[in-house]
Amino acid sequence: MGVAGAFAHRLLAMVRAPKGAPKERVIRLAWLCISYLWGFLAMSPVRVRFAPSPTGALHIGGVRTALYNFLLARQTGGTMILRIEDTDQSRYVPGAEEYILESLAWAGIHIDEGVGVGGPHAPYRQSERKQLYRQFAEKLVAEGHAYYAFDTEAELETMRKSLLAAGGSTLPYGSQTRAQMANSLTLPSAETSLRLQRGDEYVIRLKVPADETIHLHDLIRGDVYVHSSQIDDKVLMKSDGMPTYHLANVVDDHLMQISHVIRGEEWLPSAPLHVLLYRSLGWADTMPQFAHLPLLLKPDGHGKLSKRDADQMGFPIFPLNWTDPKTNELVKGFRESGYLPEALLNFLAFLGWNPGTEQELFTLPELINAFQLERIGKAGARFDIQKAKWFNQQYLKQKSVADLAPFLTAELTARDRSVSETTVALAITILKERITFPHELWSEGEFLFVAPTTFDESVAAKKWNAEAVAVIRAYKDALIATEPFTAPAVKDVLEKTTQALHIGTGKILQALRLALTGRGTGPDLMIAMEIIGREGVVARLEHALKTLTVKS
RNA sequence: GGCCCGUUCGUCUAGGGGUUAGGACAUCAGAUUUUCAUUCUGGUAACAGGGGUUCGAUUCCCCUACGGGCUACCA
């Protein structure tokens with residue numbers, strides 16, 4: 001619909017345009033048709049997956065990967081699949097899967113099919129698909145594309161060392177070295193079957209061709225070529241009976257009819273291996289398209305953003321709070337730090353992608369509409385929290401008073417304070433323009449409801465002088481009789497008081513603020529006074545006059 | 001070390017053979033706000049370097065430098 005509309009619009013614009021010779025126009029028209037036809041083809045429903053492994057908290061780069069997958073799925077009316085890649089039992093972390101599910105739900109990245117929702121290709125947890133992978137691995141062995149290998153870790157280590165000693169650039173296990181190792185290619189077949197029957201530990205390795213250039217077309221990076229001598233005979237099935245990522249990933253993507261593999265750049269080096277696997281399994285013609293995303297880098301640009309950066313850098317990198325089950329250490333999440341999911345998504349979308357226009361604020365539907373894989377950049381993007389904060393502020397500003405009210409009322413009820421709805425609404429109105437996070441409603445606005453117990457020393461030293469004291473003393477007396485006690489009335493009285501004393505209002509305003517709030521800065525003071533109310537204002541002024549002393 | 005990918009203001013990026021190299025965040029200054037914040041206006045600020053190709057290169061090609069990724073029976 002959107003595409004058709006845009007097409008019609010441009011067509012119309014072109015026909016109307018007086019510019020260009022007729023012939024030129026025809027060419028341009030043809031071009032336009034071709035490009036939109038291409039666009040339609042690219043818009044055909046897509047099946048994409050987000051496939052994290054439950055080894056800890058999902059980090060923010062993973063959320064971005066999920067987001068890009070999701071955007072493409074929604075844009076094309078396609079399907080977003082969640083697959084859990086839990087083939088490494090030793091790295092499994094309890095709670096991680098639930099964490100992933102909850103994070104995606106919070107972010108608004110909806111899963112159509114997969115863990116948590118089910119679907120036609122269930123199960124979606126790789127540990128539960130174990131038997132499937134074995135079948136394909138055995139098939140590869142039977143067809144000569146893979147082989148059994150019996151080498152122990154120690155033997156592999158020895159090989160590695162000897163290669164290194166020889167000045168080796170050769171892979172530890174590949175076409176150059178496999179002939180010297182203990183595997184079904186070198187051992188007599190009787191020996192192989194004996195070992196297999198006996199229950200010796202073994203792995204299944206892919207037999208990578210010796211001399212071939214493997215081509216890979218990446219939607220983001222273009223054509224990538226890797227020589228097969230650079231790829232080692234990767235383990236497909238581990239000795240514990242589990243597949244490695246490479247096998248499980250390719251098998252599942254094929255079986256689940258994935259059309260686009262959108263994942264981090266760290267997978268680019270093994271992508272040619274995956275191409276080889278698709279070929280060996282006879283699935284070359286239905287191989288998905290690849291798009292390898294630029295990485296999210298640490299703020300200093302050195303290294304990819306990692307879990308360790310979380311609290312060292314002073315900003316979250318996990319979507320939600322995460323308590324490490326081993327260390328019991330709590331790491332704060334974006335949600336708990338006050339980031340709004342729509343702001344985080346908007347920020348994340350722009351880390352490595354942009355629409356090519358000058359619009360920066362995008363709702364989710366707008367992102368879905370504007371997103372294009374082709375417009376994803378190639379270079380790694382540093383993670384800069386400043387911009388995330390700005391996005392958050394923008395989205396927070398758009399929130400209604402009703403949306404924000406709970407943040408304030410929760411704090412108030414926690415303190416057994418009951419405040420009228422209109423007062424809360426008034427407080428939010430003056431506070432919301434100044435804050436970046438919802439919790440700042442309280443940190444910035446607490447004084448509206450609770451009298452200050454301390455005063456900012458530096459402000460007092462600068463602003464609390466004889467003039468201020470004179471004005472505040474007179475003002476306090478005048479306020480006792482002020483009726484009604486509203487912002488305009490209170491302002492009027494203040495102006496009259498200062499005029500009578502021949503002192504500029506501006507000169508004493510900060511002292512007044514200090515007396516009322518304990519601080520030198522804050523929201524509109526007159527409205528604040530209305531919220532505090534006559535009784536509170538007078539009491540606070542009296543307290544301040546007693547407590548603060550004029551320093552000469 | 002080897003292989004792969006990359007490099008436009010401090011950061012995210014637009015652009016692309018001839019542009020005053022555009023925007024946003026951050027920063028600085030001014031205006032508004034009788035304070036601060038918000039808002040508005042303006043400023044500082046970038047094509048990594050060297051060779052080609054070309055009338056012309058930031059844009060295309062090569063090399064170098066730098067950065068990143070991978071190099072596990074981890075994903």
Side-chain angles (χ1 to χ4, degrees), chain A residues 51-55 85-88 90-91 126 149 151-153 156 160 164 167-173 201-205 216 218 220-222 224-227 229-232 234-246 248-249 263-272 292 294-295 297-299 301-304 347 350-361 375 377-391 393 397 430-435 444 459 463 494-495 498 504-514 519-525:
Chain A
S53 49
T55 54
E85 311 222 324
D86 55 349
T87 53
D88 186 356
S90 65
R91 290 215 308 158
Q126 288 185 329
D151 318 83
T152 64
E153 232 172 278
L156 284 172
R160 235 169 245 137
L164 223 60
S169 58
T170 337
L171 274 351
Y173 218 121
E201 288 216 331
Y202 70 94
V203 297
I204 296 177
R205 283 179 185 272
L216 164 82
D218 187 276
I220 295 170
R221 274 147 226 289
V224 177
Y225 299 90
V226 178
H227 193 83
S229 64
Q230 299 301 323
I231 303 171
D232 58 346
K234 278 272 182 295
V235 171
L236 264 22
M237 290 296 290
K238 299 187 265 191
S239 56
D240 67 358
M242 278 290 194
T244 56
Y245 170 86
H246 307 291
N249 191 260
R263 78 239 285 196
E265 194 189 349
E266 70 265 32
W267 292 111
L268 193 55
S270 51
H292 288 94
L295 262 17
L297 271 23
K298 295 175 196 288
H302 295 296
K304 62 174 170 175
F347 166 66
F350 271 73
L351 244 32
W353 172 85
N354 75 84
T357 65
E358 289 189 351
Q359 184 184 352
E360 296 220 63
L361 259 17
R375 290 200 62 88
K378 298 181 217 266
R382 295 185 196 198
F383 191 83
D384 180 17
I385 201 69
Q386 291 294 357
K387 197 117 185 197
K389 285 184 182 170
W390 178 77
F391 273 112
Q393 190 194 36
K397 247 193 323 204
I430 59 170
L431 288 166
K432 76 179 253 196
E433 291 289 309
R434 10 188 346 107
I435 58 171
E444 281 285 302
V459 179
K463 304 287 180 178
L494 177 63
E495 273 161 10
T498 53
T505 310
K507 285 183 81 175
I508 56 87
L509 198 77
Q510 250 189 306
L512 180 61
R513 178 184 291 284
L514 181 74
R519 305 196 213 175
T521 64
D524 188 289
L525 194 57

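Letters A, B, ... are given to chains in the order of the sequence lines, protein chains preceding strands, and every chain is numbered from 1.
Between R382(A) and the phosphate of G6(B), there is no side-chain N or O to OP1/OP2 separation shorter than 4.0 Å. Look at K397(A) and you'll find a side-chain N or O under 4.0 angstrom from OP1 or OP2 of U39(B). For G67(B), the OP1/OP2 oxygens have no side-chain nitrogen or oxygen of K378(A) closer than 4.0 Å. Look at K304(A) and you won't find any side-chain N or O under 4.0 angstrom from OP1 or OP2 of G67(B).
The CD-P distance, from E201(A) to C73(B), rounds to 13 Å in whole Å. Computed from coordinates, the K507(A) NZ to U35(B) P distance equals 15 Å when rounded to whole Å. For the pair H292(A) NE2 and G6(B) C1', the interatomic distance rounds to 15 Å; values are reported in whole Å.
Of all nucleotides present, only G52(B) satisfies the Watson-Crick or G-U wobble test against C60(B), with each distance under 3.5 Å. Judged by Watson-Crick or G-U wobble contacts below 3.5 Å, the nucleotide A75(B) has no partner. With a cut-off of 3.5 Å on both pairing distances, U20(B) has no Watson-Crick or G-U wobble partner at all. Base-pair partner of C70(B): G2(B) (Watson-Crick or G-U wobble, both distances under 3.5 Å). A 3.5 Å limit on both hydrogen-bonding distances identifies no Watson-Crick or G-U partner for A37(B). A 3.5 Å limit on both hydrogen-bonding distances identifies U7(B) as the Watson-Crick or G-U partner of A65(B).
Between the C1' atoms of U58(B) and U13(B), the separation comes to 16 Å (whole Å). Comparing the same atom, C1', in G2(B) and in G43(B) gives a spacing of 49 Å after rounding to whole Å.
Taking each heavy atom of P54(A) and E85(A) in turn, the nearest pair found is CD-O, 3.6 Å.
No contact: G504(A) has no heavy atom under 4.0 Å from any strand. Using a 4.0 Å heavy-atom distance criterion, R263(A) is classed as making no nucleic acid contact.
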Please write out each protein N/O paired with an N/O of nucleotides 25-29 of chain B under 3.5 Å, distance rounded to 0.1 Å.
from, atom 1, to, atom 2, distance (Å)
C25(B), OP1, W390(A), NE1, 3.4

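Contacts of R263(A) classified as salt bridge (charged side-chain N to carboxylate O under 4.0 Å, His left out), with partners at least two apart in sequence or in another chain: none.
For R221(A), whose side chain is taken as the heavy atoms from C-beta onward, the closest listed nucleotide among C5(B), C70(B), C74(B) is C5(B).
For the pair R382(A) (side chain) and L297(A) (backbone), a donor-acceptor distance under 3.5 Å is absent.
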